[in-house]
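These notes are about the structure you will find just below.
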Amino acid sequence: MPNQERGRMSTAGKIIKCKAAVLWDVKQPFSIEDVEVAPPKAYEVRIKILATGICRSDDHVMSGNLIAKFPVIVGHEATGIIESVGEGVSKVKPGDKVIPLCLPQCGKCSSCIHPNGNLCVKFLLSRKGVLSDGTTRFTCKGKPVYHFINTSTFTEYTVVEEDSVLKIDADAPPEKICLIGCAFSTGYGAAIKTAKVTPGSTCAIFGLGGVGLSIIMGCKAAGASRIIGVDINSRKFEKAKAVGATECVNPKHHTKPISEVLKEMTGDSVEFTFEAVGQDETVIEALASCHMSYGISVVIGCPPPSKMLTYDPMLLFTGRTWKGCTFGGWKSKDDLPKLVSDFMAKKFDLDKLVTHVLPFNKIKEGFDLLHKGESIRTVLTF
Ligand code: CND
Ligand code: ZN
Ligand code: ZN
């Protein structure tokens, strides 16, 4: 029996003790802890994480902008290897390389059944921080530690449901393909699938992080001729241009609202706008920035909790379309295999999105880079 096979069998069915980055409470730093990861129950799989990206949504949990149950293990953009599987699991087996899916596809709920739906009911259930049976597989210092959006990847091992895992090619590079688990799919899908950007169109993208740059890649692939990046951090412009932005604007360098600036720059012809920041003001500015009659504006940034927006309904009355999407609008299990195979066939590359690769124990450094606005994506490796 090969060593690798024997190693897997030696842990199957047993509790695994490993390192994980635990958030004990809101606004507290990550604490690298020894945690216990229980074996997968029926229709669940246990995954050894190989690489995981740092997304702003993880930071939103830490800052309290995204509600989660504490203590929690966040992280949702990863590549891993199946270590063991629970009873009834048929689609993956130990040794398979996988991407955990923050957006599951149960195949049975109203969103999964409808051709245009993608927000599976299992995603909403995951807000409670537990798996389908109502319990968690993580324990630390004798206390349960909660799951985060069906993934929890800032740990050496995690447990997810079979509906929340996608098998990928064995030779896919873990520290790149993990971005298909969030940033790339979210942004690229917002442009291609949700907005349905058209050839020759003009697009504006608010927020040039990993998600915003992936939107730019989608706009470019769809044949947009002008792609305008908008960010208050001008250091993001070079990266945005490297993936396809034709020009960039810093709202801090203008006294007028950015919607006015964009109108002047384009002769009032921005067809598609995207909000990839997660702030009220930019959501409204992005809406106002698209053409009053035929413009389409897509909300992708994660809005602050329990906040209501005030906007002039005339913005919509004139004909604009206002949309939002999670995970780009893709049905995760149906649509991601094509993104994976296109990546493997080198139809797009993810190199420019990954600005930093750090060992897992430097997770705090990774978040510092995000806070300082220096990184696009930092990928942690194990
Ligand atoms: P990241 O923080 O890397 O990028 C956000 C960018 O916005 C940064 O470059 C900021 O400088 C910029 N910014 C901040 N304020 C402004 C402003 N007023 N005007 C213009 N630009 C500004 O974040 P990310 O790319 O990882 O994620 C972006 C958002 O998308 C964030 O809110 C995240 O939670 C959300 C998201 C949504 C989904 C989904 O499925 N809809 C999936 N993942 C992430
Ligand atoms: Zn479903
Ligand atoms: Zn994310």
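Every number for a ligand or one of its atoms is a count from 1 in the order of the listing. Quick note: numbers below take in every heavy atom, side chains included, and nothing from hydrogens, waters or symmetry partners.
If you put the vertex on the Zn ion (ligand 2), SG of Cys106 and SG of Cys109 sit 110° apart, to the nearest 10°. Around the Zn ion (ligand 3), the angle linking His76 (NE2) with Cys182 (SG) is 110°, rounded to 10 degrees.
Within the 4.0 Å heavy-atom cutoff, Phe327 counts among the residues contacting ligand 1.
For Phe138 and Tyr146, the distance between ring centers is not under 6.0 angstrom.
Residue-level proximity to ligand 1 for Thr186 is carried by the side chain, the only part with a heavy atom below 4.0 angstrom. Contacts between Lys236 and ligand 1, counted as non-hydrogen atom pairs separated by less than 4.0 Å, involve the side chain only.
Nearest protein heavy-atom contact of atom 23 (O) of ligand 1 is Arg56 CB, 3.2 Å.
Distance alone, capped at 3.5 Å, is enough to place a donor-acceptor pair between the Thr151 side chain and the Phe148 backbone.
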Which donor-acceptor pairs under 3.5 Å do the side chains of residues 324-333 make with protein atoms, sequence neighbours left out?
unit_1	atom_1	unit_2	atom_2	d
Trp330	NE1	Ser185	O	2.9
Lys331	NZ	Ser111	O	3.0
Lys331	NZ	Cys112	O	2.9
Lys331	NZ	His114	O	2.7
Lys331	NZ	Gly117	O	2.6
Ser332	OG	Leu103	O	2.6
Lys333	NZ	Glu162	O	2.9
Lys333	NZ	Val165	O	3.3

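For Cys102, every N, O or S atom stays at 2.8 Å or more from the Zn ion (ligand 3).
Val230 has its side chain out of reach of Thr273: every pair of non-hydrogen atoms, C-beta onward, lies at least 4.5 Å apart.
Atoms of ligand 1 found under 4.0 Å from any heavy atom of Gly301, numbered from 1 in the order shown, are 29 (C), 30 (O), 32 (O), 35 (C).
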